[in-house]
Protein chains: 2
Amino acid sequence: MSGGHGHSAPPLLTALANAGVRVTEPRRAVAALVTAQDGHFTTAELVTAARAEHPGLGRATIFRALDLFTLLGLVERVDLPDGGHAWVACETAHHHHAICTRCGRSTEVDDHGLAEVLAEVAGRSGFRVTTHRLEVFGTCASCVAASA
Amino acid sequence: MSGGHGHSAPPLLTALANAGVRVTEPRRAVAALVTAQDGHFTTAELVTAARAEHPGLGRATIFRALDLFTLLGLVERVDLPDGGHAWVACETAHHHHAICTRCGRSTEVDDHGLAEVLAEVAGRSGFRVTTHRLEVFGTCASCVAASA
DNA sequence: GGTCCATCTGAGACACGGTATCAACTAGAC
DNA sequence: GTCTAGTTGATACCGTGTCTCAGATGGACC
């Protein structure tokens with residue numbers, strides 16, 4: 001997948017251009033890799049995929065691109081239950097992820113209701129909440145259906 | 001703090017004995033270090049503290065003790081916003097932590113209300129929740145008061 | 001108290017994830 | 001086409017956590 005450039009640019013690249021950073025070949029490559037991922041992916045997985053599909057791509061560049069994408073809100077880092085890190089591509093401003101431990105796909109979960117929970121925490125204890133993180137792990141609808 | 005053994009054993013050690021594992025000198029040392037921590041602490045901090053107070057204590061032993069304590073539910077690992085890990089001593093079964101980014105202390109937050117949020121997620125999307133993690137960061141009541 | 005064995009320990013090598021450095025390259029403005 | 005700042009890849013490096021293994025030690029049993 002290195003020749004055809006007739007396809008429409010993925011939103012990731014558009015976002016890069018809009019952010020005023022250079023749209024370089026390596027960044028295109030990382031964007032393509034990220035877009036190709038189905039569900040969450042670890043840095044190691046991305047590096048492996050890169051080695052296969054974009055041999056010249058440096059490891060550091062992948063990390064840098066991921067950092068950049070994070071800064072731009074195009075991907076988000078999630079913390080796995082085992083302490084490791086993974087990434088998911090996303091677009092909306094603030095949300096959470098429900099990660100399927102079977103297929104690896106992640107669903108976005110909105111804040112509905114959580115805000116109240118946090119407000120109550122604040123009210124009761126006087127704790128002033130700056131930021132929070134909610135991660136949900138389990139089995140997604142299709143995997144539940146598949147195993148039923 | 002290496003001589004007096006007239007003080008009552010901290011709950012950590014009692015728990016060790018109850019769990020049927022050996023109550024060894026190194027484990028006593030790590031337990032003391034953990035107990036001495038005020039709020040959350042990173043492994044690095046614990047290692048540094050150990051170097052000062054228990055020079056003979058090996059790094060691997062600290063990690064192992066921390067693992068053991070986690071298994072026994074005596075400490076819990078939290079994921080910091082920057083991707084790093086920290087630990088908090090705790091006793092209750094399932095709860096979450098509200099971590100003060102100013103003083104480092106952590107308050108336990110119960111599930112009150114969160115269960116409903118998760119139930120709604122499940123109901124709407126068919127996602128079957130196995131486990132979840134909520135971490136709240138902000139400023140605790142006393143730090144808010146202190147800075148007012 | 002003494003003996004014994006499984007458990008535990010410490011040292012150090014190792015694997016891994018992520019960062020810093022730096023010369024060379026290139027996107028894109030002019 | 002030219003130029004420059006931003007970007008890149010290679011590589012060295014650092015911190016965190018794990019593994020191995022010979023030696024030490026807790027505590028059970030005598």
Side-chain angles (χ1 to χ4, degrees), chain A residues 5 9 12-33 40-72 75 77-87, chain B residues 5 9 12-34 40-72 75-87:
Chain A
H5 50 278
L12 261 168
L13 296 182
T14 316
L16 284 185
N18 291 345
V21 298
R22 285 195 190 164
V23 180
T24 65
E25 198 50 45
R27 282 179 183 163
R28 255 191 277 266
V30 176
L33 287 169
H40 70 253
F41 54 93
T42 62
T43 320
E45 285 164 0
L46 213 61
V47 169
T48 304
R51 232 180 274 286
E53 295 179 40
H54 304 270
L57 199 55
R59 209 167 64 99
T61 302
I62 297 175
F63 280 96
R64 281 188 286 236
L66 241 21
D67 274 354
L68 181 65
F69 294 172
T70 305
L71 215 67
L72 267 39
V75 300
R77 206 194 57 224
V78 297
D79 299 305
L80 268 20
D82 70 356
H85 297 147
W87 305 82
Chain B
H5 50 278
L12 262 168
L13 297 183
T14 315
L16 284 185
N18 292 343
V21 298
R22 286 196 189 162
V23 181
T24 64
E25 198 49 45
R27 283 180 183 163
R28 254 192 276 268
V30 176
L33 287 169
V34 167
H40 70 253
F41 54 94
T42 63
T43 319
E45 285 164 0
L46 213 61
V47 170
T48 304
R51 233 180 273 287
E53 296 179 39
H54 304 270
L57 199 55
R59 211 166 62 97
T61 302
I62 297 174
F63 280 95
R64 282 188 285 236
L66 241 22
D67 274 354
L68 180 65
F69 295 172
T70 305
L71 216 66
L72 268 38
V75 301
E76 195 169 324
R77 207 194 56 225
V78 297
D79 299 305
L80 268 19
D82 70 356
H85 298 147
W87 305 82

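In what follows, every chain begins at residue 1, and chains take the letters A, B, ... in the order their sequences are listed.
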Flag side-chain contact, heavy atom, 4.5 Å: A/Glu53 against A/Leu33: yes
Just the rounded figure in Å: distance from P of C/dT9 to NE2 of B/His54. 14 Å
Quick one: is B/Thr61 getting a side-chain N or O under 4.0 Å of the C/dT9 phosphate, OP1 or OP2? no
Between atom CG in A/Asp82 and atom P in C/dC16, what is the gap in whole Å? 15 Å
Any chance you could lay out the side-chain contact (heavy atoms from CB on, under 4.5 Å) test for B/Val34 and B/Leu66, step after step, and finish with the verdict? CA-CA 9 Å; B/Val34 167; B/Leu66 241 22; 4.2 Å; yes
Closest approach of B/Ala15 to B/Leu72 (non-hydrogen atoms, all atoms of both residues): O-CD2, 4.4 Å
Would you check, one step at a time, whether the test side-chain contact (heavy atoms from CB on, under 4.5 Å) holds for B/His85 with B/Thr42? CA-CA 6 Å; B/His85 298 147; B/Thr42 63; over 6 Å; no
State the NE2-CZ distance between A/His54 and A/Arg28, to the nearest 0.5 angstrom. 11.5 Å
Separation of B/Leu57 atom CG from C/dG12 atom P, in whole Å? 15 Å
Using a 4.0 Å heavy-atom cut-off across all strands, classify B/Gly56 as base, sugar-phosphate, or nothing. sugar-phosphate
What's the shortest heavy-atom distance between A/Phe69 and A/Arg27, and which atoms? CZ-O, 4.1 Å
Over all heavy atoms of both residues, which pair between B/Ala86 and B/His40 is shortest? Give the atoms and the distance, please. CB-CD2, 3.9 Å
Identify, between A/Pro55 and A/Leu68, the residue whose nearest nucleotide on DNA chain D lies closer to the 5' end. A/Leu68
Quick check: do A/Val30 and A/Leu68 have side-chain heavy atoms less than 4.5 Å from each other? no
Please write out each protein N/O paired with an N/O of nucleotides 16-20 of chain D under 3.5 Å, distance rounded to 0.1 Å.
unit_1 : atom_1 : unit_2  : atom_2 : d
D/dG17 : OP1    : B/His85 : ND1    : 3.4
D/dG17 : OP2    : B/Thr43 : OG1    : 3.0
D/dG17 : N7     : B/Arg59 : NH1    : 3.1
D/dG17 : N7     : B/Arg59 : NH2    : 2.9
D/dG17 : O6     : B/Arg59 : NH2    : 2.8

Looking at every heavy atom in both B/Leu57 and B/Ala29, which two are closest together, and how far apart are they? CD2-CB, 4.1 Å
Separation of atom CD1 in B/Ile62 from atom P in C/dG10, rounded to whole Å: 9 Å
Given atom CZ of A/Arg27 and atom P of D/dG9, what is their separation to the nearest angstrom? 11 Å
In whole angstroms, how far is the P atom of C/dC8 from the CZ atom of B/Phe69? 12 Å
Protein-nucleotides 27-30 of chain C N/O pairs closer than 3.5 Å?
unit_1 : atom_1 : unit_2  : atom_2 : d
C/dA27 : N3     : A/Arg22 : NH2    : 3.3
C/dG28 : OP1    : A/Val23 : N      : 3.2

